[in-house]
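By convention here, the first residue in the shown sequence is residue 1.
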Amino acid sequence: MRPASLRQAVLGAILALFMWSADHYPAAANCTAADFASAVDRSGASLRAESLATQPKLQDRMRRYQAAKGLSDGDYEAAAIEAILDKRLEELDAKSSELLLKIDGLGRVPDGKEPNCAELDEIKALSSELLVVVRTKSEYMLARLDAKLAESGEKKPAAIAVQRKPEERPPEKPAEKQPEKQTAKPDEPKPEKSAKAAAEPWDTKTESHDAYVPPPAADASGPAFAPDAAMAAEGDGYSIDEIRDATRGFFGTVSTNLASVIEHAFKTTGRPTAYVLGTEGGGAFLAGLRFGDGTLYMRNSPGTRKVWWHGPSLGTDFGASGTRTMFLIYKLTDQEALFRTYTGIDGSAFLVGGVGMTVLKGGDVIMAPIRSGLGLRVGASIGYVRFTAQPTWNPF
């Protein structure tokens, strides 16, 4: 080989190696924290699309299950979920929650830290795996619901359509009785009215939490969670009367239970320096993720601010749309300090009727989310809540 040809071959090999390296190992300067946020939002958008495509099918089957069992509008979703829940579905729930936590964690680049661009590929791979798990879960749920409908003896729509065909053709001789016999339909069995129809939805949403025991008296051994003295003694926070006024009419018709929960919050955690009022729902419910948005109010800060939050739900969560939520927040002195992740404190659950409260902690800030109605299905052991200054995970 001539020297010129040899040099050309070597240069070609070096160029090919450089191009391959650039594709597989991008320089740190080629990615930013915004790229990570965008990758997470793209994952959220794919989950949302999958949920929107599957939700009508699931709702159709749950409505048919409601008709077959004679369930009320207040409890048919919970009854359908309870009927199909098994070990396989719990495993899929756990897997989706695990993947969500990994994606969410990788998507948050700490301030001042150089982003690792290789983790963008990891987010993409985890997002693809999560989508597969969600699709598997939705198909499994549809199959389980179909099996339950078959067990209930549900009449198939096709059979009813066949019976109604003669009605589409007008009889040749209206005066004769024979055509009337042809068009007469057999009596269709009507579902019996469920005994649960008269019960309020709170009863069926809180039974699974009855094991909680309220904190003992001050002279006993003390509750599993006890606030520090500085937090309980804060005197510049909102008074209980101010919080009562702020929530007047916000939670609907659960004022008595809400008052008990708020009183417990003040007794155990003192006066909040801030609070958030908003709603939350399952934007990607098949993956076990919940979203919320609301307004932040601070004692020592003028004006209000729109905020967003998200966190994993416990298992399958259908009836989460429009759940009213309030966060009592302690030790928050700067609005920007709110935007971080808060994890649950064991032993902090408190439930009264249709209203529940637990305690979360992030750094020095402590908060007590109070939920009503179907929001209780999140449970007291919620893994985390992450507050953001802008909506993320494409929730709505």
Side-chain angles (χ1 to χ4, degrees), residues 33-34 37-38 40-41 44 104 107-112 227-228 230-252 254-255 258-259 261-263 265-266 268-281 283 290-311 321-343 355 357-372 375 382 384-396:
S38 297
V40 172
D41 283 343
D104 195 52
R108 287 182 279 120
V109 180
D111 293 338
D228 56 51
M231 180 174 61
E234 289 183 25
D236 59 347
Y238 289 97
S239 69
I240 190 170
D241 290 332
E242 288 175 309
I243 296 299
R244 285 171 177 164
D245 290 340
T247 59
R248 196 177 304 279
F250 181 74
F251 284 94
V254 293
S255 56
L258 175 63
V261 172
I262 291 178
E263 288 171 3
F266 272 79
T268 57
T269 53
R271 290 189 171 196
T273 56
Y275 66 90
V276 170
L277 290 177
T279 58
E280 61 182 17
R290 296 174 61 86
F291 302 94
D293 67 278
T295 303
L296 171 66
Y297 302 83
M298 290 189 64
R299 165 61 80 193
N300 298 323
S301 179
T304 61
R305 181 170 182 174
K306 183 79 170 180
V307 295
W308 289 262
W309 66 88
H310 69 265
S321 179
T323 298
R324 300 284 184 171
T325 303
M326 177 183 193
F327 292 84
L328 299 178
I329 306 173
Y330 305 86
K331 295 187 175 181
L332 182 68
T333 57
D334 177 19
Q335 290 184 353
E336 297 301 323
L338 175 70
F339 305 122
R340 58 168 300 149
T341 299
Y342 301 83
T343 55
V355 185
M357 183 195 85
T358 187
V359 181
L360 309 174
K361 190 175 190 301
D364 293 332
V365 179
I366 293 176
M367 62 175 58
I370 298 175
R371 295 179 172 89
S372 68
I382 185 169
Y384 76 93
V385 167
R386 179 188 170 201
F387 273 84
T388 59
Q390 299 294 331
T392 185
W393 274 96
N394 250 330
F396 303 111

Fill in: Any residue meeting side-chain hydrogen bond (donor to acceptor under 3.5 Å, both in side chains) with Glu336, in chain and number order, not counting sequence neighbours
Arg305

Worksheet item: Are Asp293 and Lys306 ion-paired here, with the side-chain N under 4.0 Å from a carboxylate O?
Response: yes

Practice prompt. Kindly give the heavy-atom pair with the smallest separation between Val261 and Met357, and that separation in Å.
Written response: CG1-CB, 3.6 Å

Fill in: Value rounded to 0.5 Å, distance of CG in Asp364 from OG1 in Thr333
9.0 Å

Worksheet entry | salt bridge (Lys or Arg N to Asp or Glu O under 4.0 Å) involving Asp241 - partner list, sequence neighbours excluded | Arg244

Item to complete: Indicate yes or no: at least one non-hydrogen side-chain atom of Tyr342 is less than 4.5 angstrom from one of Val365.
Response: yes

Worksheet item: Knowing that exactly one of Ile329, Ile366, Ile243 qualifies, which makes a side chain to side chain contact (heavy atoms under 4.5 Å, CB included) with Pro272?
Response: Ile243

Worksheet item: Hey, are the side chains of Met326 and Pro369 touching, using non-hydrogen atoms and a 4.5 Å cut-off?
Response: no

Worksheet item: About how many Å separate CD1 of Ile240 and CD of Glu263, when rounded to the nearest 0.5 Å?
Response: 5.0 Å

Worksheet item: Rounded to the nearest 0.5 Å, how far does CG of Leu360 lie from CZ of Phe327?
Response: 7.0 Å

Worksheet item: Can you check whether Met298's main-chain N or O pairs, donor with acceptor, with Tyr238's side chain at less than 3.5 Å?
Response: yes

Practice prompt. Quick one: do Arg108 and Arg386 satisfy side-chain contact (heavy atoms from CB on, under 4.5 Å)? Show the steps, please.
Written response: CA-CA 11 Å; Arg108 287 182 279 120; Arg386 179 188 170 201; 3.0 Å; yes

Practice prompt. Find the distance between CG (Leu338) and CZ (Phe387) and round it off to the nearest 0.5 Å.
Written response: 5.0 Å

Response to the item:
In terms of heavy-atom contacts, Thr388 and Gln390 come closest through OG1-O, 2.6 Å

Discussion item. Holding to side-chain hydrogen bond (donor to acceptor under 3.5 Å, both in side chains), I want the full list of residues that pass it with Ser239, two or more places apart in sequence or in another chain.
Written reply: Glu242

Item to complete: Please identify each residue that fulfils side-chain hydrogen bond (donor to acceptor under 3.5 Å, both in side chains) with Arg340, with sequence neighbours left out.
Response: none

Response to the item:
Residue set satisfying salt bridge (Lys or Arg N to Asp or Glu O under 4.0 Å) with Lys361, at least two apart, ordered chain then number -> none

Practice prompt. Could you pull out all residues at least two apart from Thr247 that satisfy side-chain hydrogen bond (donor to acceptor under 3.5 Å, both in side chains)?
Written response: none

Item to complete: Verify the distance criterion only: is there a donor paired with an acceptor across the side chains of Glu280 and Trp309 at less than 3.5 Å?
Response: yes

Fill in: Closest contact, heavy atoms only, Leu296 versus Ala274
CD1-CB, 4.1 Å

Item to complete: Would you indicate whether the side-chain heavy atoms of Val385 and Thr341 approach each other to under 4.5 Å?
Response: no

Worksheet item: Which residues pass the side chain to side chain contact (heavy atoms under 4.5 Å, CB included) test with Ala37, sequence neighbours left out?
Response: none

Fill in: OH-CE distance between Tyr330 and Met367, expressed to the nearest 0.5 angstrom
11.0 Å

Practice prompt. Apply side-chain contact (heavy atoms from CB on, under 4.5 Å) to Leu277 and Phe250, showing your working.
Written response: CA-CA 9 Å; Leu277 290 177; Phe250 181 74; 3.9 Å; yes

Practice prompt. Could you list the residues that satisfy side chain to side chain contact (heavy atoms under 4.5 Å, CB included) with Ala337, not counting sequence neighbours?
Written response: Leu332, Asp334

Fill in: Spacing of OH belonging to Tyr275 relative to CG belonging to Leu328, to within rounding of 0.5 Å
10.0 Å

Discussion item. What verdict does the side-chain contact (heavy atoms from CB on, under 4.5 Å) test give for Leu258 and Ile370, after you've listed the backbone C-alpha separation in whole Å, the side-chain angles of each residue and the deciding distance to 0.1 Å?
Written reply: CA-CA 9 Å; Leu258 175 63; Ile370 298 175; 4.1 Å; yes

Worksheet item: For Thr273 and Asn300, does a side-chain donor sit closer than 3.5 Å to a side-chain acceptor?
Response: no

Discussion item. Taking the side chain as everything from C-beta on, heavy atoms only, tell me whether Tyr384 gets closer than 4.5 Å to Asp104.
Written reply: yes

Worksheet item: Can you name the side chain to side chain contact (heavy atoms under 4.5 Å, CB included) partners of Thr295, sequence neighbours left out?
Response: Tyr297, Thr304

